[in-house]
Student: 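First the structure, which I've put down as structure tokens, then a few questions once you've had a look.
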2 protein chains.
Amino acid sequence: MQKSQVTIKQIAQELGVSISTVSRALQNHPRIGLRTKEQVFAVAKKLNYVPNPAAILLKKNRTSTIGVVLPQLAEEFFSQAITGIEDVISEKGYNVVISQSRDSLERENRAIKSFISSRVDGVIASISAETTQYYQFRELENYGVPIVFFDRVPKDVRVNKVRGNIVEAAYESIAFLEARGVRRIAILNGPASLEICDERLMGYWNALKQLGLPVVQQYIKSTDLSREDTSKKIDELLAMEEPPEAVLCFNDYVALYAMQQCKQRGIVPNKDILFVSFANLPITAYLDNPPLASVEQFAYQMGEKAAQLLLQIIDAPDDSVLEPQDIVIDTKLVVH
Amino acid sequence: MQKSQVTIKQIAQELGVSISTVSRALQNHPRIGLRTKEQVFAVAKKLNYVPNPAAILLKKNRTSTIGVVLPQLAEEFFSQAITGIEDVISEKGYNVVISQSRDSLERENRAIKSFISSRVDGVIASISAETTQYYQFRELENYGVPIVFFDRVPKDVRVNKVRGNIVEAAYESIAFLEARGVRRIAILNGPASLEICDERLMGYWNALKQLGLPVVQQYIKSTDLSREDTSKKIDELLAMEEPPEAVLCFNDYVALYAMQQCKQRGIVPNKDILFVSFANLPITAYLDNPPLASVEQFAYQMGEKAAQLLLQIIDAPDDSVLEPQDIVIDTKLVVH
DNA sequence: GTGTTCTGTGCAAACGATTGTATCTACTAA
DNA sequence: TTAGTAGATACAATCGTTTGCACAGAACAC
């Protein structure tokens with residue numbers, strides 16, 4: 001039943017040439033004659049030859065596999081990004097190994113360890129909500145595995161990043177609300193360890209100042225992205241003496257959690273209190289009462305860019321020193 | 001910067017023993033003395049030794065990698081299933097390579113080819129909407145790669161399957177509607193090539209007969225799962241002289257497409273026409289007007305079972321002949 | 001006829017681990 | 001004392017492929 005492994009040895013035997021000739025022929029080596037090449041290809045096809053990746057890896061030290069670690073696939077943003085990555089990478093003959101951290105540092109570390117032992121050629125990562133230190137990623141670098149971060153990129157470190165223009169998007173969101181006459185605006189941000197949270201805050205801040213809106217310290221909340229924490233924080237906002245008229249949320253999930261909590265408190269979202277968020281998930285199109293507006297971050301494109309950058313680094317000659325790149329992708333505020 | 005690969009050879013040198021001793025020590029071979037073992041482990045740890053998977057594969061012909069091909073990760077059902085698969089499989093030291101077919105036969109075939117050339121130890125698949133023939137999967141079997149299908153399993157073939165109890169779920173859904181006094185019930189099914197579509201139809205059919213509900217040929221529609229086709233089919237139903245009072249949909253996405261189309265036609269879903277569907281996606285919890293009820297299919301559990309079955313087959317001794325298994329997981333109708 | 005330059009091919013040593021068999025030492029039992 | 005045995009380790013072949021080097025023959029110029 002089981003096909004015995006076809007090797008170049010068998011091809012060589014069948015043709016009465018040596019295995020080195022076969023190997024070179026299959027690689028289109030210029031020193032091999034045209035006729036020989038044709039014969040080799042014909043026999044290879046006939047025998048259904050599939051090169052053994054292990055042997056190639058052993059010689060070339062390349063797995064043609066890249067590892068991706070991200071919070072969770074169930075978030076459409078990430079599954080779209082994966083699709084972008086896959087499209088770019090599979091075109092170049094690479095495979096993708098995916099691991100979900102589910103926002104747990106421990107899972108993230110496990111994934112990285114597994115990437116090291118399976119010898120991936122590179123890693124694309126979007127860090128977990130718990131991640132504040134990067135020694136585990138440094139470990140990858142020690143093994144010479146290049147890394148590109150996307151969306152949830154670490155701050156403070158010189159690394160390759162692909163991310164949305166969050167500062168501007170946040171600014172734009174606030175301006176959008178201000179144009180509607182809203183003045184008291186809160187922010188339900190994510191964990192402070194993420195650079196993209198700083199950026200949201202910065203855009204928020206800038207906008208408040210430049211547009212002359214009131215800056216209230218208690219309007220600024222950060223959550224660990226869980227439903228529970230989000231509910232708690234929105235409750236705090238609602239309980240204030242002067243609650244905000246609008247909330248800028250870290251992403252659509254946070255907005256949905258918060259909006260549900262509002263409903264439970266008898267407050268009608270987007271009427272009594274307005275919501276604007278990030279991600280612009282396709283599912284929001286099916287909501288009767290989606291966030292007023294959401295920042296489209298072009299996840300697919302981000303995945304593509306990250307993959308392209310990674311491949312570029314992998315393909316760079318070993319002695320070339322590459323400066324870490326910081327690619328910023330423009331976002332777009334979509335009004336629902 | 002780049003750590004040179006640490007090999008057992010270096011460990012051997014450091015200790016002044018032979019590489020075979022090191023190899024056996026690392027595998028806890030009984031023939032190696034306790035003291036030697038301890039020393040080997042200590043040095044391995046010190047040098048940060050990571051075994052080279054290629055070399056092991058070359059000898060043992062095992063990649064410790066399994067391939068998963070499914071329609072799309074963005075569907076929460078599938079990302080949940082992946083999570084179940086990952087949890088089971090990573091515990092046994094396996095990796096997962098994921099490929100999305102996006103319901104295209106060509107992409108599915110490409111994924112399988114790539115699985116063959118990367119020598120995965122096994123494959124878990126949920127077939128694309130376009131798939132009607134299975135020769136590409138047979139190809140995998142030719143190479144001795146075991147396959148387990150889940151949810152979207154092929155029909156007519158003797159293969160390993162893990163699937164929901166769809167016949168019963170469909171029956172139950174119809175009974176649920178009948179109990180509410182509904183009599184004219186249509187079905188918006190998926191492509192006929194999928195066994196799970198047959199089963200939906202069978203359950204639907206059985207229920208209509210046993211409950212004495214009218215059987216109308218034009219009430220039975222099948223779609224290719226796309227938004228366009230779904231809109232077209234629901235339009236046909238709405239345009240009938242005696243349109244159905246309720247529609248049983250292939251899954252929540254189909255239901256959402258259909259419901260949106262209804263709205264466009266000025267018909268209020270779940271009031272003018274009722275919807276019941278499959279999948280019970282978490283996102284429906286955020287809808288103001290979700291399908292009236294949805295069949296929970298326990299995707300995570302399905303993924304787990306599929307992974308367990310696959311590992312069991314992989315671990316079975318080569319000469320053992322295994323009967324294909326058909327594992328059925330109970331579903332549950334969740335009323336919203 | 002001798003050297004030079006191509007072209008086309010083969011030999012054999014890697015890559016890093018596993019594993020059957022051989023070897024060496026020390027100890028026990030007769 | 002000596003054969004026998006068990007324990008600990010080493011040797012070397014092997015997995016499938018790549019690749020530097022060697023080599024053979026043909027074509028060409030002088």
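Source: prediction; values computed, not measured. Order of the sequence lines fixes the chain letters, A, B, ..., with proteins taken first and strands second; residue numbering starts at 1 for each chain.
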Student: Can you tell me how far P of C:dT9 sits from CG of A:Leu15, to the nearest Å?
Tutor: 11 Å
Student: Under a 4.5 Å cut-off applied to non-hydrogen side-chain atoms, are A:Val97 and B:Val96 in contact?
Tutor: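 Side-chain contact under 4.5 Å: no.
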Student: Please collect all salt bridge (Lys or Arg N to Asp or Glu O under 4.0 Å) contacts where either partner lies in residues 91-103 of chain B, sequence neighbours excluded, each pair once.
Tutor: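 As it turns out, the salt bridge (Lys or Arg N to Asp or Glu O under 4.0 Å) pairs with a partner in residues 91-103 of chain B, which skip direct neighbours, are A:Asp87-B:Arg102, B:Asp103-B:Arg152.
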Student: Below 4.0 Å from chain B heavy atoms, what is the first contacting nucleotide of DNA chain D and what is the last?
Tutor: D:dA8 to D:dG16
Student: Mapping B:Gly16 and A:Thr7 onto DNA chain D by nearest heavy atom, which one lands closer to the 5' end?
Tutor: B:Gly16
Student: What pairs meet the salt bridge (Lys or Arg N to Asp or Glu O under 4.0 Å) rule with one or both residues in residues 61-71 of chain A, with sequence neighbours excluded?
Tutor: A:Arg62-A:Asp315
Student: When the C1' atoms of the five terminal pairs at each end define the local axes, what inter-axis angle does the helix from C:dG1-D:dC30 to C:dA30-D:dT1 show, to 10 degrees?
Tutor: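 The angle separating the two end axes equals 60°.
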Student: Out of C:dT19, C:dC15, C:dG16, which nucleotide sits closest to the side chain of B:Ser20?
Tutor: C:dT19
Student: Would you please confirm or rule out a distance under 4.0 Å between OP1 or OP2 of C:dG10 and any side-chain N or O of A:Ser18?
Tutor: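 Yes, within the criterion.
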Student: Would you mind telling me which residue lines up with the more 5' stretch of DNA chain C, A:Ile19 or B:Ile8, judged by nearest nucleotide?
Tutor: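 Looking at the nearest nucleotide for each, A:Ile19 comes out on the 5' side.
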Student: With nearest nucleotide decided by heavy atoms, which residue, B:Lys59 or B:Gly33, maps closer to the 5′ end of DNA chain D?
Tutor: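 This one resolves to B:Gly33.
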Student: Taking the side chain from B:Ser126 and the backbone from B:Phe150, do they hold a donor-acceptor pair closer than 3.5 Å?
Tutor: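 Judged by distance alone, yes, a pair lies under 3.5 Å.
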Student: So, using side chain to side chain contact (heavy atoms under 4.5 Å, CB included) as the criterion, who are the partners of B:Gln133 when residues are at least two apart?
Tutor: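 In terms of side chain to side chain contact (heavy atoms under 4.5 Å, CB included), with neighbours along the sequence ignored, B:Gln133 is linked to B:Tyr135.
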Student: Just checking A:Ile56: base, sugar-phosphate only, or nothing, at a heavy-atom cut-off of under 4.0 Å?
Tutor: sugar-phosphate
Student: Tell me: CD1 of B:Ile32 to P of C:dG20, nearest whole Å?
Tutor: 13 Å
Student: Does any donor atom in the side chain of B:Thr21 or B:Ser18 lie under 3.5 Å from an acceptor atom in the other side chain?
Tutor: yes
Student: Whole-Å distance between C:dT9 P and A:Ile11 CD1?
Tutor: 15 Å
Student: Spell out, as yes or no, whether a donor-acceptor pair under 3.5 Å connects the side chain of B:Glu130 to the backbone of B:Leu105.
Tutor: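 Side chain of B:Glu130 to backbone of B:Leu105: a pair is present.
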Student: In residues 34-46 of chain A, what residues come within less than 4.0 Å of DNA chain C, judged by heavy atoms?
Tutor: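 Close to the strand are A:Thr36.
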Student: Please write out each protein N/O paired with an N/O of nucleotides 22-24 of chain C under 3.5 Å, distance rounded to 0.1 Å.
Tutor:
residue: C:dA22; atom: N6; partner: B:Arg31; partner atom: NH2; Å: 2.9

Student: Only pairs at least two apart or in different chains count here, so list each salt bridge (Lys or Arg N to Asp or Glu O under 4.0 Å) that has a residue in residues 106-122 of chain B.
Tutor: B:Glu106-B:Arg110
Student: Any chance you could lay out the side chain to side chain contact (heavy atoms under 4.5 Å, CB included) test for B:Ile89 and B:Leu311, step after step, and finish with the verdict?
Tutor: CA-CA 8 Å; B:Ile89 242 150; B:Leu311 289 182; 4.2 Å; yes
Student: Is it the case that the side chain of A:Thr65 and the backbone of A:Thr63 share a donor-acceptor pair, with hydrogens and angles ignored and the cut-off at 3.5 Å?
Tutor: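 Looks like yes, one N/O pair under 3.5 Å.
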Student: Reckon A:Leu57 touches a base, only the sugar-phosphate, or nothing at all at heavy-atom distances under 4.0 Å?
Tutor: nothing
Student: Would you kindly give the CG-to-C1' distance between B:Asn61 and C:dA17, to the nearest whole Å?
Tutor: 14 Å
Student: State, yes or no, whether a side-chain contact exists between A:Glu141 and A:Arg138 at a heavy-atom distance under 4.5 Å.
Tutor: yes
Student: Just jot down the salt bridge (Lys or Arg N to Asp or Glu O under 4.0 Å) partners of B:Glu323, sequence neighbours excluded, or say none.
Tutor: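 In terms of salt bridge (Lys or Arg N to Asp or Glu O under 4.0 Å), with neighbours along the sequence ignored, B:Glu323 is linked to B:Arg158.
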Student: Heavy atoms within less than 4.0 Å of DNA chain C: which residues of residues 21-30 of chain A have one? Give them sorted by number.
Tutor: A:Thr21, A:Arg24
Student: Which residues pass the side chain to side chain contact (heavy atoms under 4.5 Å, CB included) test with A:Asp326, sequence neighbours left out?
Tutor: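 Only A:Lys161, A:Arg163, A:Val328 meet the side chain to side chain contact (heavy atoms under 4.5 Å, CB included) criterion with A:Asp326.
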Student: Once you measure the plane-to-plane angle for B:Phe137 and B:Phe149, does it fall in the parallel (<30°), tilted (30-60°) or perpendicular (>60°) bin?
Tutor: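 Plane angle over 60°, so perpendicular.
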Student: For A:Leu73 and B:Phe78, what are the C-alpha separation, side-chain angles and deciding distance, and is it a side chain to side chain contact (heavy atoms under 4.5 Å, CB included)?
Tutor: CA-CA 9 Å; A:Leu73 290 169; B:Phe78 291 114; over 6 Å; no
Student: With salt bridge (Lys or Arg N to Asp or Glu O under 4.0 Å) as the rule and sequence neighbours excluded, what pairs involving residues 30-56 of chain B come up?
Tutor: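 Sorted result for residues 30-56 of chain B: B:Glu14-B:Lys46.
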